[in-house]
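Following: one structure in structure tokens, then a few remarks.
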Amino acid sequence: MKFTEEHEWLRVEDDVVVVGITEHAAEQLGDIVFIELPEVGIQVVKDDEVVVIESVKAASDILAPIDGEITEVNEILTDEPSKVNDDAAGDGWMFKIKASDPSQMDDYMDEAAYKKFVG
Amino acid sequence: MSDLRVTPLNALHKELGAKMVPFAGYEMPVQYPLGVMKEHLHCRAEAGLFDVSHMGQVIIRASGGYEAAAAAFEALAPVNAQGLAEGRQRYAMFTNAAGGIEDDLMIANRGDHMFVVVNAACKDADIARMKAGLPDCEVTEVTDRGLLALQGPKAESALAGLVPGVADMKFMDIAVLPSDWGELWLSRSGYTGEDGFEISVPAAQTEALTRALLALDTVAPIGLGARDSLRLESGLCLYGHDIDSGTTPVEAGLNWAIQKVRRTGGTRAGGFPGADTILAQLEDGPARRRIGLLPEGRAPMREGVELYASAEGGDSIGHVTSGAFGPTLGGPMSMGYVTVGFAEDGMTIYGEVRGKRLPATITAMPFVPANVKR
């Protein structure tokens, strides 16, 4: 598992990368009430805004952590966005992306480094 | 946050694990570990306890008693203060020369004087306005008392166990009752749409009374986050957002707060700041009106979202002044202003969110029915 400074986690599953936000991020956002997911099949570039999250506090954007094609999104979140609060690193995953340049993941933190990052 | 003022409950909020934020110059709890959503639902199902000690408590005395204070007060606000019975309170607004709202507040008849509760962010200006505008009255800010709000269907049973006598109060009644925590100044009112009380308690006893209430199974502490979603579901205005110095009471749909005696044809018509504008709008209707909006789907339309009559093109017809997800409603809700003509209940209009125009239906408020003890 890799982590970004934007508080996303990335997990390699076969030939795709599963992306979600960390428990720390979910806790900071508060109760999540709305999630807008990207369309399956679109090509994204690192730092594209791909997901919109609205919590009871505010709206925030989730950026694509790497270049690639969105192959699947977690449709359940459309009706049950609170799954992200309940299980950010599991059932609360957001989208899967087929990486066009897997080496982009090399720069991201491992779990120990992320824990240190959030202090 | 050392430059912020604190309430008598500051240490207790931190002990309870609250997330503290700056609000109206005070360090206040925005949420406790329960979280905004669950705090909101708890208040609607049981009883929620809010620290509102940052609000201004003011006593107005005149040598002629309540009647004289009320008569003087009517020069500052389009309200029938003189007709308010002893032991009762009423909603009022300070207005300006243009008819805009300078603050909204509660006034109470306490027999020989008037008691007023004003918004925290406006209290210094309000006190200055009353001192200047009521030269024959003694205007005193009460600085040695905390203020709590206990709201929800279990509020009465929770408080009655500690302070016998509160069960006899009806909505908008006030009372002064002795208690183990000193003399309490109570009103049966609040800002959630639920039954409940606001309780003014000596500052030194505020924490002890709060602990006694929180010891009850039905009572949980509620932060500013849930306070906002509760009042929005109830269609209640937040000063500085849904009403302000550029908004008139008529535009805001607060006509009910201006009693007949202060309107054209009444025995004490006019005589308050902005009377010409406000009385004309009462007769002819305003050019824009405060509305409730139910967005389709789950995306909230928050403060500042521009509103349009159609899905494409055209000029803005207004904007959102408050918007959030309603935990009890189970969906997003907004309040805003639109040009009259586009403001009919049931109409579909469009809010522009992240560049996309999303449909929303104009809806009568409250979004969630009130549950007060009449």
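Letters go in sequence order (proteins before strands), and every chain restarts at 1. Given the structure is predicted, the values throughout are model-derived calculations rather than measurements.
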Rounded to the nearest 0.5 Å, what's the gap from [atom1] on [X] to [atom2] on [Y]? Could you check?
X: A:E36; Y: B:R354; atom1: CD; atom2: CZ; result: 6.0 Å
X: A:K57; Y: B:Q31; atom1: NZ; atom2: CD; result: 4.0 Å
X: B:R298; Y: A:D79; atom1: CZ; atom2: CG; result: 7.0 Å

- Message: Counting heavy-atom pairs under 4.5 Å with chain A, which one of B:A226, B:S229, B:P300 comes out on top?
- Response: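 Greatest number of close heavy-atom pairs with chain A: B:P300.
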[X], [atom1]: over 12 other non-hydrogen atoms inside 6.0 angstrom:
X: B:L214; atom1: CG; value: yes
X: B:D217; atom1: CG; value: no
X: A:E13; atom1: CD; value: yes
X: A:E49; atom1: CD; value: no
X: B:E306; atom1: CD; value: yes
X: A:D101; atom1: CG; value: yes

- Does any heavy atom of chain B fall under 4.5 Å from the side chain of A:A58, the backbone, both, or neither of them?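 Answer is backbone: N, CA, C or O of A:A58 sit under 4.5 Å from chain B.
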- Message: Less than 4.5 Å to any heavy atom of chain B: does that hold for the side chain of A:S82, its backbone, both, or neither?
- Response: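 A:S82 has no heavy atom closer than 4.5 Å to chain B.
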- Could you give me the CA-CA distance, side-chain angles and deciding distance for B:K38 and A:D31, then say whether side-chain contact (heavy atoms from CB on, under 4.5 Å) is met? CA-CA 9 Å; B:K38 287 183 179 143; A:D31 299 305; 5.9 Å; no
- Message: Heavy-atom cut-off 4.5 Å, strictly under: side chain, backbone, both or neither for B:A299 against chain A?
- Response: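 Looking at B:A299, backbone and side chain both touch chain A.
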